[in-house]
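To keep things clear, I will list the structure first and then write my remarks on it.
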Amino acid sequence: MADKINLTLTKKYLAVGVIGLLGIIITFTIINTNYQNENLREQHLKQAKSLLTILKVSTAEDIYASNIYQLRQTISFVKRDSAVVEILIIDTKNKVITNGERISEEEVFIIDDPLLDASINEKKISWEYRGSTLHLFVPVELPNIHLGSIKMVYSLQELRVAELSVLLNNLKFGSVIFIVGFLLVLFFVKKIVNPIKELTAGTLQVASGNYDLKIIVDTRDELEALSESFNKMVEEVKLSRDEMISAKENAEASDKLKTEFLAQMSHEIRTPINAIVNFTRLLKSEFEYKLYGEVKESFDIIEQSSNRLIRTIDLILNMAEIQTGNYKALFEEINLYKEIILPLKSEFEISAKEKNLELISEESEKDIIVRGDKYSITQLFSNLIDNAIKYTKEGTVKIVVGKNKTNVFVDVIDTGIGIADEFLPFIYEPFLQEDKGYSRKFEGTGLGLALVKKYCEINKAEIKIDTIKNKGTTFTIMFFRTVI
């Protein structure tokens with residue numbers, strides 16, 4: 001566009017201008033409507049794919065374990081989204097396992113759909129618009145294991161309503177522009193061209209991130225007011241952006257400060273606690289032959305309480321080290337049973353005997369090797385075994401090391417109090433415990449399982465829990481990077 005536009009408003013040029021303006025508005029409306037609708041369709045498809053991907057990840061373990069009840073629960077939760085019409089869990093033979101409801105043997109059917117075959121062959125989401133719905137398939141897999149597929153039917157009703165709304169809005173917008181444009185062409189073309197260019201250029205700069213822009217229009221009319229409103233809008237956007245950045249930085253700084261504070265305080269507390277433990281043991285050994293009754297028990301209580309406090313400090317320090325990114329893993333080949341489980345069994349046998357529990361360990365075959373970080377793996381199973389003993393009043397605690405074609409697994413099984421279903425989503429959150437308050441029955445900080453989860457992530461391992469309240473709990477750790 002030229003810097004300066006001169007128009008002679010005769011009837012001829014006015015007619016040409018109006019026709020040209022009308023043509024531009026119609027073209028703009030069509031192009032903009034198509035563009036916005038295409039974005040809407042892409043967003044709608046992306047939303048459906050994201051939901052299907054989340055569903056795939058959240059159901060993989062349940063499909064592998066044939067946990068139909070949990071699959072139905074997951075489907076029911078996802079179908080709260082009004083756009084989800086249907087969800088089918090399909091096994092490796094293309095037979096429907098469940099649709100979120102109970103299915104009898106007579107109701108079971110086989111899916112025969114090219115999209116299903118395409119998704120399995122290409123190992124990705126396949127989709128297709130069919131009438132008023134969007135059909136999607138995705139294969140569900142664990143490493144080297146094809147578990148089945150998921151079909152989701154997604155409604156296009158909201159998309160159609162949004163597309164109609166876009167069309168109506170663009171028609172309204174086009175009508176307004178036509179009327180305003182006609183008046184501008186007729187009366188103010190020379191006066192308005194340059195301010196419009198400034199506003200257009202300013203909008204593009206703001207869109208590119210320049211929030212320091214100020215547009216000055218001195219026309220003493222609506223354009224001047226528009227420029228002032230535009231400048232206010234830019235200031236508000238800039239202020240909102242700065243506030244969001246500041247809030248994010250403050251939150252990150254606060255979290256880092258909290259972690260560093262806990263680590264620092266733990267370091268400061270650990271030194272005197274170690275001194276108390278050492279001198280208590282020295283005094284006990286020195287005067288043990290003179291101690292009896294409550295005095296002798298007091299030494300034991302001091303030692304037990306000090307050890308509990310040291311363990312709490314160690315947990316806080318380990319969590320702080322991981323959260324601040326200071327933990328450095330050293331990966332090596334490890335004999336899980338000989339180097340990890342047997343030493344831990346020896347360490348915890350006394351605690352188990354004090355509670356009259358049977359502590360059992362076994363391996364399915366000799367010399368099962370994994371590649372991992374020895375310290376974090378040791379701490380991982382130390383926390384699991386400690387929890388198993390802590391929360392088991394009678395019965396057994398059993399550690400089983402085994403392997404299959406794809407992974408090495410370790411089961412830590414107890415006959416303890418179990419975990420309530422409503423608390424399961426929060427078991428890996430730091431400082432959270434199912435039993436809360438001063439009246440709780442079991443000691444602890446709520447960091448044990450949070451650290452277990454972090455240690456699994458460090459070693460590329462997965463953790464699975466199977467628990468029944470008041471019956472017992474089984475934690476399964478799976479290592480996929482194995483050395484045979």
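Because only heavy atoms are used, hydrogens play no part in the values below, and waters and symmetry mates are left out as well, while side chains stay in. Remember, predicted model here, so these are calculated numbers, not experimental data.
Residues Asp373 and Asn459 have side chains that never bring a donor and an acceptor to within less than 3.5 angstrom of each other. Looking at Asn32 and Gln36, their side chains do bring a donor and an acceptor atom within 3.5 Å of each other.
Ionic pairing of Lys398 and Glu358 is not present here: no N-O contact between side-chain nitrogen and carboxylate oxygen is shorter than 4.0 angstrom. The existence of a salt bridge linking Asp421 and Lys469 is excluded, since no basic side-chain nitrogen approaches an acidic carboxylate oxygen closer than 4.0 Å.
Using a 4.5 Å cut-off on side-chain heavy atoms (C-beta onward), Glu394 and Asn356 make no contact. Side-chain contact between Leu336 and Phe479: present, with at least one pair of heavy atoms (C-beta onward) separated by less than 4.5 Å. Annotation: side chain of Leu142 is not in contact with side chain of Thr406 (no heavy-atom distance under 4.5 Å). With a 4.5 Å cut-off on side-chain heavy atoms, Asp81 and Val84 count as touching. Looking at heavy atoms from C-beta onward, Ser149 lies out of side-chain contact with Val140 at the 4.5 angstrom threshold. A 4.5 Å side-chain heavy-atom check between Thr53 and Val138 finds every atom pair outside the cut-off. Val57 places none of its side-chain heavy atoms less than 4.5 Å from the side chain of Ile54. Proximity of Glu42 to Glu38: side-chain heavy atoms (C-beta onward) are separated by under 4.5 Å at one or more points.
Taking both residues in full, the closest heavy atoms of Leu156 and Gly131 are given as CD1-O, 3.7 Å, listed atom of the first, atom of the second, then distance. Closest heavy-atom contact between Leu359 and Ala352: CB-CB, 4.0 Å.
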Quiz item: Can Lys374 and Glu332 be said to form a salt bridge (Lys or Arg N to Asp or Glu O under 4.0 Å), step by step?
Solution: CA-CA 7 Å; Lys374 190 172 184 179; Glu332 57 183 307; 5.8 Å; no
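Remark: Asn383 CG to Tyr455 OH distance equals 7.0 Å, nearest 0.5 Å. How far CZ of Phe409 is from OG1 of Thr476: 8.0 Å, rounded to the nearest 0.5 Å. With values rounded to the nearest 0.5 angstrom, Leu71 atom CG is found 11.5 Å from Glu61 atom CD. Put simply, CZ on Arg72 and CD1 on Ile87 are 14.5 Å apart, with the number rounded to the nearest 0.5 Å.
The side chain to side chain contact (heavy atoms under 4.5 Å, CB included) test with Glu128 singles out one residue from Thr133, Leu115, Leu136, and that residue is Leu115.
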